[in-house]
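Let me begin by presenting the structure, written as structure tokens, before commenting on it.
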Number of protein chains: 2
Amino acid sequence: MAARAGVSRATVSRVVNGSPKVHPDSAQAVRSAIAELGYVPNRAARSLASHQSHAIALVVPEDMTRFLGDAYFASVIKGIAERLERSDYVLSLMVASQAPEPKMLRYLAGGAVDGVVVISHHIGDRSLYQIAGLMPMVFGGRAVVPGIDAYVVDVNNVEGASIATQRLVDRGCRRIASIAGSMSMQSALDRVAGWREVLEAADLEPGPVIDGDYTMHGGARAIREILAEYPDVDGVFVASDLMASGAMPVVLERGLSIPGDIAMVGYDDSPAVEACEVPLTTVRQPSEEMGALMADILVDVLSGNESRDRTTIMPTVLVERDSA
Amino acid sequence: MAARAGVSRATVSRVVNGSPKVHPDSAQAVRSAIAELGYVPNRAARSLASHQSHAIALVVPEDMTRFLGDAYFASVIKGIAERLERSDYVLSLMVASQAPEPKMLRYLAGGAVDGVVVISHHIGDRSLYQIAGLMPMVFGGRAVVPGIDAYVVDVNNVEGASIATQRLVDRGCRRIASIAGSMSMQSALDRVAGWREVLEAADLEPGPVIDGDYTMHGGARAIREILAEYPDVDGVFVASDLMASGAMPVVLERGLSIPGDIAMVGYDDSPAVEACEVPLTTVRQPSEEMGALMADILVDVLSGNESRDRTTIMPTVLVERDSA
DNA sequence: TTGTACGCGTTATCAT
DNA sequence: ATGATAACGCGTACAA
């Protein structure tokens, strides 16, 4: 390769890495040689010498089914991917059933990537902490991480849930239940808290809280339980649109009207709302922007910027449709 | 690290790679040193010296939204991931909007992975051909690749579509339409062919074929067009469950009954069927097994086995439910 | 501007 | 069984 262009390997390297100090003629010669030989620099060697991999990992400590089942993730990743497209980093998606196994951990710690974005983090999962000490790391969306050196992009879930619940209260609901997310996630806890806050402020007896596990099936299961045990419920705050899309058909199937008999407010404003027969009133969190921001932070920090805010809280807003 | 255990780097390497030729004492010493120092071998160096990355890429030439929108992919990936879990390869998911861009191509060609699995390949996309010459490659599911040195795991889509359409014919449908997949995919073309074959054999005039683009929205759009232009249609073969889940509500909404007024048969038997109000009769393809097989082939070939069949066709079977 | 030479952290090939 | 030592392919001071 070096000889092919009639220059030294050093010059080839310079051209490949866009160094300004190369004679146009040499550069051209190298470029043609590259084209002719279909030369592609070896990543391992490059990485070994430069201590960079030009790759970023998106780790999702969730099993594949859950991950691919919730359109919420689609929005976040879309934001990440689009931001990364105009960088020279490639995105490597690592979906790990439950906590990342040792294999993946060694992959990350071994220098396979320059930075990590984590979404859908579970409380108590400390397996990623060691990685945070090795490279920049950004936690996103439904994540809260105590005492770790990482960046966080999130929304105020307590507030988001409050907005949703307040809507229910305002429209006259007196018996308000909640279908919660996976209790192993901080976001789910926070949303229950926000829901409870509003009810107490309104001097209303909190209705039942059933864990819907952030899945469509879970949402259906939860609403069935609520309908069976607490027939007087007239409003329900569902902690994710996906769960709402599972719960709604169950309600309608029983001949109950939405929002007439039971008002419903979701959370996320993810593409999952499209699967809802009656347009879902929900709390929008800017998922795509959050993804873009996470990627942006990582790229920025990786380029040497040290002055980024460690935590960014994005705004939530009620999207009024028909279900409440 | 080497000194820490009082042995040479060579011995450390042997221990890390589980060589049998090491004295138990040395091995133990190395292991404790590894634990104490939190040592993790550098991937780049290892890869550079061994010419292996111990990583496999799953490339999906599709935009994120489509990818995350079709539960069909979930099954395939699940199969791949589970098979890979008991290997020492990590799975790196690369979703590329449209054709893989140069960045990803250079990533693959640069030796970042040892092998590649491709799903959702589009006709005419030759960008991956150069990669196939560099490392083992397996095309899966909805893919057909002419003149390329790669493994293929697929179903007979013509036959699958025939089975579905025959069902429609058998139950007495006389005017049978089809909602097709993206015409840029071989699977979509094949399914239309299978549908047409049966109609011609039954001496039935083929109904309209509308492109539903393998999306839920596309399915809804397609059935609307069919209903508007060809009100006499009494049966429809939908080339994916996801599209069927989009088309079904439209039919029901118009007060038409399924299968009474219009019988419907889907394809995939993916988790998307669960979103269908009337249980969907569909053609099952063993997506998860196909994923597992693809991973298995790759791991096997990577371990030196040269005698694998280049092509494996998996069976399809009609799953009879209520919609037809 | 260009080339030389060393170093990056492992594995692999030899001796021992 | 173990330890030198040479690759592995590229980036990069340093010299020219």
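Chain letters run A, B, ... following the sequence lines, proteins first, then strands; residues in each count from 1. Treat the numbers as computed from the prediction; the structure is a model and nothing was measured.
Listed nucleotides: dT2(C), dA6(D), dT2(D). Nearest to the side chain of His23(B): dT2(D). For Leu48(A), taking side-chain heavy atoms from C-beta onward, the closest of the listed nucleotides dC8(C), dG11(D), dG3(C) is dC8(C). The side chain of Asn42(A) sits closest to dC10(D) out of dC10(D), dT11(C), dT2(C). Of the candidates dT2(D), dG11(D), dT5(D), dT2(D) carries the atom nearest the Ser26(B) side chain, counting heavy atoms from C-beta on. The side chain of Ala45(A) approaches dG9(D) more closely than any other nucleotide in the set dT2(D), dG3(D), dG9(D). Among dG11(D), dC8(D), dT4(C), the nucleotide with an atom closest to any side-chain atom of His51(B) is dC8(D). Taking every side-chain heavy atom of Val22(B) into account, dT2(D) is the closest of dA6(D), dG7(C), dT2(D).
No hydrogens or angles considered: a donor-acceptor pair under 3.5 Å links the side chains of Asp125(A) and Ser127(A).
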Pairing string, 5' to 3', for DNA chain C - Watson-Crick or wobble contacts under 3.5 Å, brackets [ ] where pairs cross, | to another strand:
||||||||||||||||
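With DNA chain D read from its 5' end, the first of the two nearest nucleotides for Ala10(A) and Pro20(B) is the one closest to Pro20(B). Residues Ser50(B) and Lys21(B) both approach DNA chain D. Their nearest nucleotides, taken by heavy-atom distance, put Lys21(B) toward the 5′ side.
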Full working for side chain to side chain contact (heavy atoms under 4.5 Å, CB included) between Met135(B) and Val116(B)
CA-CA 8 Å; Met135(B) 65 192 86; Val116(B) 178; 3.8 Å; yes
Might you work through the side-chain hydrogen bond (donor to acceptor under 3.5 Å, both in side chains) test for Tyr214(A) and Ser187(A), ending with a clear yes or no?
CA-CA 11 Å; Tyr214(A) 276 144; Ser187(A) 62; 2.8 Å; yes
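Using a 4.5 Å heavy-atom threshold, the side chains of Val113(B) and Leu108(B) count as touching.
Distance CG (Asn17(A)) to P (dT12(D)): 7 Å, rounded to an integer number of Å. Atom CD in Gln28(A) sits about 17 Å away from atom P in dT1(C), given to the nearest Å. Across the protein-nucleic acid pair, Arg9(A) atom CZ and dC6(C) atom P stand 12 Å apart, rounded to whole Å.
Annotation: the span from Leu68(B) atom CG to Leu68(A) atom CG amounts to 6.0 Å, rounded to 0.5 Å. Between the CD atom in Glu85(A) and the CE atom in Met104(B) there is a gap of 9.0 Å [rounded to 0.5 Å].
Among the atoms of the strands shown, only primed sugar atoms or phosphate atoms (P, OP1, OP2) are found under 4.0 Å from some heavy atom of Val40(B). Backbone-only engagement by Thr11(A) is indicated by non-hydrogen atom pairs under 4.0 Å involving sugar-phosphate atoms exclusively. Residue contacts shown for Arg14(A) include a base, since a base heavy atom lies under 4.0 Å away.
Look at Arg46(B) and you won't find any side-chain N or O under 4.0 angstrom from OP1 or OP2 of dG9(C).
Within 6.0 Å of atom CZ in Arg308(A), more than 12 heavy atoms from other residues, nucleotides or ligands are found, so the atom counts as buried in its surroundings.
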